[in-house]
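A note on names: the letters A, B, ... follow the listed sequences, proteins ahead of strands, and every chain is numbered from 1.
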Protein chains: 2
Amino acid sequence: MWWSAMGIRIDKHSGVPVYIQIMNQIKKEIVLGRMKEGDKLPPTRDLARMLGVNINTVLKAYERLQFEGVIQAQHGIGYFITQASFIKKEVLSEIKNFARLLRENNVDLLIAITILEEVYKNDK
Amino acid sequence: MWWSAMGIRIDKHSGVPVYIQIMNQIKKEIVLGRMKEGDKLPPTRDLARMLGVNINTVLKAYERLQFEGVIQAQHGIGYFITQASFIKKEVLSEIKNFARLLRENNVDLLIAITILEEVYKNDK
DNA sequence: TCTTGTGTCATAGATAACTATAACACTAAT
DNA sequence: ATTAGTGTTATAGTTATCTATGACACAAGA
């Protein structure tokens, strides 16, 4: 088994703390079915090297994911996924359509997300 | 003219720097047409008090928005909007539909946004 | 001119995030 | 038993963000 860094991408200059980005990226990989229950995560040292961040930053992300019950450490072995929920294909398809809509209308992604958050929270 | 804080909401514990949240919120208000070119922004001191943050944090947001050309300071008078672009009604409508879809399918907003970002960037 | 409202600048301190580095503990394979 | 791979813990230092506070500059109106 090897790690290319999987689909995990971070942006050090986005303003969002890196450890939170790592958490979100791993959750995303799981939801998209790229990682499933029982799968082993990249070792902390490896992921840190691949992402160009410090080990402690990856560890912080892993520890928080463990606290949330998403993954589980096994001392001396590695971290494993313990909880996996998948997104429906239709929903994923709709996300793609939505992304296309935004691009076609030249809507800035950050602004769209800000509006989306407001709408999502207000209509509850 | 008064300031209720307008539609500007921030979350101190979201991990995203507050001054960036303020920037995004103001851009959002403009795009939604709630503020238009020439409109005066809340004074730094007032917005700081309304949001429960320090003046310097608001100032940092305003200064960056000015650097981006969105707003313009007039010494002793206030900050004014210099650049306004609007979102199409159809796009806003689609954002609302999208938010509804996510809620109906119990999709976590953060994860949805993470997937959206990936799709948006990859399909370019 | 004086006052009020506002932008601007500066300094200092607190907290969070990130980095650098080392040492130790457990597991599996040889 | 030894080694390699991995998790765990600890310490220290740097940088970014946020706060607290004060002082000064400019504009408009009384």
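The nucleotide whose nearest atom lies closest to any side-chain atom of B:Lys12 is, among D:dT19, C:dT6, C:dT21, D:dT19. In this structure, of D:dA20, D:dT9, D:dC18, it is D:dA20 that holds the atom nearest to the side chain of B:Asn54. In the set D:dT21, D:dG7, D:dC18, D:dT21 carries the atom at the smallest distance from any side-chain atom of B:Asn56. Listed candidates were C:dT6, C:dT8, D:dG7. Nearest to the side chain of B:Leu59 is C:dT8. Candidate nucleotides D:dT8, C:dA17, D:dA20 were compared by shortest atom distance to the side chain of A:Tyr19, and C:dA17 ranks first. The A:Ala73 side chain lies nearest to D:dG7 when the options are D:dG7, D:dT21, C:dT8.
Place B:Val16 and A:Gly76 on DNA chain D by their nearest nucleotides, and A:Gly76 ends up nearer the 5' end. Between A:Gly15 and A:His75, the residue whose closest nucleotide on DNA chain D is further toward the 5' end is A:His75. Of the two residues near DNA chain C, A:Ile55 and A:Pro17, the one whose nearest nucleotide lies more 5' is A:Pro17. Between A:Arg45 and A:Thr57, the residue anchored nearer the 5' end of DNA chain C, judged by the nucleotide with its closest heavy atom, is A:Thr57.
Shown are A:Asn97, A:Leu32, A:Val31; of these, the side-chain contact (heavy atoms from CB on, under 4.5 Å) with A:Leu92 is made only by A:Leu32.
At whole-Å resolution of the value, CD1 in A:Ile10 and P in C:dA17 are 15 Å apart. Between A:Tyr79 atom OH and D:dG5 atom C1' the separation is 15 Å, expressed in whole Å. In this structure, NZ of B:Lys60 is placed 15 Å from C1' of C:dC9, rounded to the nearest angstrom. Atom pair B:Gln74:CD and D:dC26:C1' shows a separation of 12 Å (rounding to whole Å applied). Taking atom CD of B:Gln66 as the reference point, atom P of C:dT6 lies 17 Å away to the nearest angstrom. In this structure, CD of B:Glu63 is placed 11 Å from P of C:dA10, rounded to the nearest angstrom. Atom CD in A:Gln72 sits about 17 Å away from atom P in C:dC26, given to the nearest Å. When the C1' atom of C:dG7 is taken as reference, atom CG of B:Leu65 falls 15 Å away, rounded to whole Å.
Nucleic acid contact for B:Tyr62: none, since no nucleic acid atom lies under 4.0 Å from a heavy atom of the residue.
The cluster map of Ile, Leu, Val, Met, Phe, Trp and Tyr, joined by side-chain heavy atoms under 4.5 Å apart, puts B:Met35 and B:Ile77 in different clusters. Placement of B:Leu109 and A:Val107 within a single hydrophobic cluster is found when ILVMFWY residues are connected by side-chain heavy-atom separations under 4.5 Å, directly or transitively. Residues A:Leu110 and B:Ile22 do not share a hydrophobic cluster, clusters being chains of Ile/Leu/Val/Met/Phe/Trp/Tyr side chains in contact below 4.5 Å.
Counting only N and O atoms by type, the side chains of B:Gln66 and B:Gln72 include a donor and acceptor under 3.5 Å apart.
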